[in-house]
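Take a look at the structure set out below.
A quick note: this is a predicted structure, and the numbers were derived from the prediction, not measured. Order of appearance sets the numbers: ligands from 1, and atoms from 1 within every ligand.
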Amino acid sequence: MAIERTLSIIKPDATEKNNVGGILQVIEKSGLRIVAMRRMHLTTAQAGGFYEVHKERPFFGELVEFMTRNPVVVSVLEGEDAVAKYREVMGATDPSKAADGTIRKLFAKDIGENSVHGSDSLENAKREIGFFFAEADLL
Ligand code: ADP
Ligand code: MG
């Protein structure tokens, strides 16, 4: 185990419903620390670039449209085993399969509009953090 950083995005469905504070509370209660945070409205180019790995998947167009529909809150979370830990705190991609107490179980509607993103590996976390933040932003 080691101290890691991971990228979180609170998605448009959650900002629309004023669930930002509720989600941040679950994150902080889990022990993860928010070391950088910004609210922003993603452009199509930004959302497409961020989700580049999914560009061949059938839901890619829908995903980019959703992610650019309204503002998101991007943040960097730090803590012991942060990448795996935040995946646990988020819950399964499909909220109907997510465990009790997870963010997706508490706040999300369906597999597309599932309220949060979290990096899935340390390598992807580094790339995703660099997509939105400079090293000097992480405090
Ligand atoms: P996760 O966000 O749990 O890592 P994936 O990387 O598989 O999940 O997918 C990225 C995002 O694409 C999901 O969080 C969700 O917003 C969207 N998505 C995934 N599967 C579907 C689907 N079958 N239909 C619509 N959107 C989907
Ligand atoms: Mg993923």
Handout entry: Separation between CG of L139 and CE of M37, rounded to the nearest 0.5 Å
Key = 12.5 Å
Handout entry: Minimum side-chain heavy-atom gap F50-I9 below 4.5 Å
Key = yes
Exercise for the section: Determine, using heavy atoms of D120 and all atoms of ligand 1, whether some pair is separated by less than 4.0 Å. Expected result: no
Completion exercise
The closest protein heavy-atom partner of atom 26 (N) of ligand 1 is G112 CA, 3.5 Å
Practice task
Using distance alone, determine whether R104 and ligand 1 share an N or O pair under 3.5 Å.
Solution key: yes
Practice task
Determine whether any heavy atom of M67 lies closer than 4.0 Å to an atom of ligand 1.
Solution key: no
Practice task
Measure across R5 and I129 and return the closest heavy-atom pair with its distance rounded to 0.1 Å.
Solution key: CB-CD1, 3.7 Å
Problem - Protein contact to atom 15 (C) of ligand 1 [nearest heavy atom, distance to 0.1 Å] - result: I111 O, 3.2 Å
Problem - For atom 9 (O) of ligand 1, closest protein heavy-atom neighbour - result: H54 NE2, 3.7 Å
Fill in the blank from the handout: The answer for which part of M90 has a heavy atom under 4.0 Å from ligand 1 is neither
Completion exercise
Here the atoms of ligand 1 under 4.0 Å from any heavy atom belonging to L63 are 12 (O), 16 (O), 17 (C)
Handout entry: Non-hydrogen side-chain atoms of F107 and V26 separated by less than 4.5 Å
Key = yes
Handout entry: Sidechain-backbone polar pair: R104 side chain, S115 backbone, donor-acceptor under 3.5 Å
Key = no
Fill in the blank from the handout: The closest protein heavy-atom partner of atom 13 (C) of ligand 1 is N114 ND2, 3.6 Å
Handout entry: Residue, atom name and distance, where the atom is the protein heavy atom closest to atom 1 (P) of ligand 1
Key = T93 OG1, 3.6 Å
Practice task
Kindly indicate whether the side chain of R69, heavy atoms from C-beta on, has any atom under 4.5 Å from the side chain of D13.
Solution key: yes
Practice task
Please confirm whether R57 comes under 4.0 Å of ligand 1, counting heavy atoms of the residue only.
Solution key: yes
Exercise for the section: State whether E113 and K17 are salt-bridged, where the test is any N-O pair (Lys NZ or Arg NE/NH1/NH2 against Asp/Glu carboxylate O) under 4.0 Å. Expected result: no
Exercise for the section: Would you confirm whether H117, through its side chain, and I10, through its main-chain N or O, come within 3.5 Å as a donor-acceptor pair? Expected result: no
Completion exercise
atom 4 (O) of ligand 1: closest protein heavy atom, distance to 0.1 Å, is R87 NH1, 2.9 Å
Practice task
Answer yes or no: does atom CZ of R38 have more than 12 heavy-atom neighbours from other residues, nucleotides or ligands under 6.0 Å?
Solution key: yes
Practice task
Report yes or no: does a heavy atom of E62 sit under 4.0 Å from some atom of ligand 1?
Solution key: yes
Exercise for the section: Report yes if the side chains of F132 and V76 come closer than 4.5 Å at any heavy-atom pair, otherwise no. Expected result: no
Problem - ligand 1-proximal atoms of K11, by part, heavy-atom distance under 4.0 Å - result: side chain
Problem - Residue, atom name and distance, where the atom is the protein heavy atom closest to atom 22 (C) of ligand 1 - result: F59 CD2, 3.6 Å
